[in-house]
Each structure stands twice: as structure tokens, then as C-alpha cells.
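Atoms within each ligand, like the ligands themselves, are counted from 1 in listed order. Computation of the quantities below employed the complete heavy-atom set of this structure, encompassing side-chain atoms and omitting hydrogens, waters and symmetry-equivalent molecules.
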Amino acid sequence: RILITGALGQIGSELTTKLRGIYGVDNVIATDIRNPEEETDGPFEVLDVSDGNKMYELAKRHKVDTLIHMAALLSATAEAKPVFAWNLNMGGLMNALETARELSCQFFTPSSIGAFGPTTPKDNTPQDTIQRPTTMYGVNKVAGELLADYYFQKFGVDTRGVRFPGLISFVTPPGGGTTDYAVEIYYEAVKNGSYTSYIDKGTYMDMMYMPDALNAIVDLMEADPSRLKHRNAFNVTAMSFSPEEIADEIKKHIPSFEMNYQVDPIRQSIADSWPNSIDATAAKEEWGFKAEYDLAKMTADMIEKLSLKYKTIQK
Ligand code: VAH
């Protein structure tokens, strides 16, 4: 049985569906801080990850053997509320690791390219390199990577994780991230033919389409542990692009699309502190990571799916 925290979030919502398709609906317990708006097709429990006792009780009651911890505040929100972010991100993670330890669960939680900082090599960022992030989110992610490694080394908990790039999807919009511009742009392009980017031209960040992110989680969790030299912070990425490059790709489908810029200094400074592109060789070598979607293929799929969702005729 699998328990997912943050199951109503950008990754959690699609991960729940995917895991239910693989392992069976009743074997995936979705949890989040509030009830879902619409009917869900499987077991759901309200869980605030700050409540360690309730997390343990739910996991024990449902006889859970795998814990996937997705509940966290993303970079921009964390920068706006750093103390709350520390308490929720680190308190929630500690509760999840303790639950996994006490119930001998396999464990997954994501790190992020946000775990790197301005002194990290920016191009083809290595798997093992300096990590001095300058955001609260980045501090949380580095601490999280170290904590998950500690639970593996000290208590033998089978912890695994990846450093996700910006993730793009059309099912559940992200909330409070820095890379979210690359999701919003598709919605705005389809709905009203223009987008004002809060990230400046020439700002490169790693990105990946959600189907590749979900496959990466399943592939890592099912990987032969004897092959894993790394554990909780595999660099994974599919592409790296700037706002003008994604705009140009959208224009191939919506020629009249108009891109404007109104830079948000806070999220721009977060983006500037992150790598331009990271190296995913370790993930490829240790558990066969591969991404199927590049910018062209992702853009075609996003525009097709969002056009159906908003029933607009592609111009
Ligand atoms: C964010 N989407 O922008 C998240 C992610 C690498 C980016 O961590 O905060």
C-alpha cells in the first residue's frame, strides 16, 4: 500500500492517478490538507503533514509500505514566508521520515534544482557539486537531501529522491513556484493569445513535462537498490529553455501569440540563483532515467490538451 502526502498538488494529483493505474486504486491512499473538490476514485484522508501522530496512525491503519512525501511549499511562497516554510517543509519531512522508519516503509520525496545556488557551476551542473542555495526553499531542499541520506545510512530506511526541474502539466496548475511561468504561458496562450512573463528574456532553467516526471518517480522506486550509488538527489531534466524560446515554440501553433515581459524581481532573483542546465548522467546510469518529451513535443501536447480543455480553435 502507498500513502501520498500532497496528493492534490501539481505532482501529487497526477502521481496518484498513475500509481493507482499501476498498483490498484485501493492500494494508493491519497492525503492532503483539505478534502478534494470533486469525487476521487480511491481512498482519501485529510492529513496536515505537520501532524506526525496522525500521519503515523493513517499509515499504520492502512498498512502502508511505501510513503511518497510530496507536500511542501514551493520557492516563491517559501521566500515570502520563510519561517512558515521552514516549519512546514522540514517538520513535514521529518514526520514522513519518522513514519517511514517506524513502519519500515520505502520512501520518496523530491528535491529540486533549487538545491543549487549562485556558486554552483551553472552549465551542465554536476550530480555532486557545491550547494549553497540563497533561498529558504533551497535551504529546505539541501537539508532534506541530507536528512533523507541520514535516514538511509543511520536507520536503513530505503529513501530515494530526485532533483526535479520546473515541471509542466495541464491537469493541476502549480502553486507558488518560480518556474510556473512555463505552465501559465500555455494556459494564457490558449485562452487569450498572449502572456506577460515575470521571468526575463535569456533566463535559462531546466524543465520537464509531467509524464516524464511521473515515470522518473516510478522507475527510481522500482530500481535495483544495488545499482544506486546516489539515493536522494538524482539530477533529472529533459530540457532547458528561456522565455523567448518557449514563446517561439508556441507561435508555431498559435502564430498570433504575443509575448510580453514584466519582470518580478523576487522570482527573477530566485531563477538567477539556479543553474542554466543540469547533468542527469547519474540518473541515466544508475536507474535508466530517460525523458521522452522535448520542448517541441511538449508544446504540441500542451496546446492540444488545453485547447480541448478550453474548447478554443487553435488560431
Ligand atoms: C519552483 N516548480 O519553481 C518549483 C521547482 C525547480 C522548480 O522547485 O519552486
Side-chain angles (χ1 to χ4, degrees), residues 6 8-15 69-82 84-86 88-90 92-93 108-118 120 122 125 127 131 133-145 148 161-187 197-200 203-210 212-214 216-217 232-243 246 263-280 283 291 298 302:
L8 299 180
Q10 182 199 15
I11 305 172
S13 60
E14 296 194 62
L15 182 60
H69 180 57
M70 304 305 288
L73 296 180
L74 296 184
S75 57
T77 306
E79 213 48 34
K81 304 175 188 166
F84 176 53
W86 174 271
L88 175 59
N89 286 348
M90 304 318 295
L93 175 60
F108 176 91
T109 201
S111 180
S112 157
I113 59 172
F116 297 119
T120 302
K122 280 199 172 300
T125 302
Q127 176 63 46
Q131 293 176 254
T134 51
T135 64
M136 172 51 82
Y137 180 73
V139 169
N140 297 160
K141 288 304 178 186
V142 174
E145 291 179 9
V162 298
R163 289 180 187 131
F164 273 137
L167 298 182
I168 293 161
S169 62
F170 61 85
V171 177
T172 308
T178 297
T179 61
D180 299 356
Y181 90 88
V183 180
E184 294 169 1
I185 190 170
Y186 287 112
Y187 281 80
S197 172
Y198 57 77
I199 294 293
D200 207 357
T203 309
Y204 282 83
M205 288 188 271
D206 285 279
M207 302 281 181
M208 188 150 74
Y209 199 27
M210 187 60 78
D212 285 329
L214 302 179
I217 295 172
N232 290 289
F234 284 96
N235 289 354
V236 291
T237 183
M239 61 192 98
S240 170
F241 54 73
S242 62
I246 185 174
V263 175
D264 164 13
I266 295 175
R267 285 179 287 183
Q268 184 64 40
S269 68
I270 294 173
D272 289 341
S273 74
W274 291 351
N276 296 323
S277 65
I278 64 175
D279 173 26
M298 172 175 73
M302 279 292 282

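- In this view, Glu145 and Arg163 satisfy the salt bridge (Lys or Arg N to Asp or Glu O under 4.0 Å) rule, not counting sequence neighbours.
- Taking 4.5 Å as the limit, every side-chain heavy atom of Leu73 sits out of range of all side-chain heavy atoms of Lys81.
- Within the 4.5 Å cutoff, side-chain heavy atoms of Pro110 are placed close to those of Met70.
- Protein neighbours of ligand 1 below 4.0 Å, counting non-hydrogen atoms: Leu74, Ser75, Ser112, Ile113, Tyr137, Phe164, Pro165, Gly166, Gly177, Thr178, Thr179, Trp274.
- Classification of the Tyr181-Phe241 ring pair by plane angle, with boundaries at 30° and 60°, yields perpendicular.
- Using a 4.5 Å cut-off on side-chain heavy atoms (C-beta onward), Asp180 and Tyr198 make contact.
- Taking 4.5 Å as the limit, every side-chain heavy atom of Pro133 sits out of range of all side-chain heavy atoms of Lys141.
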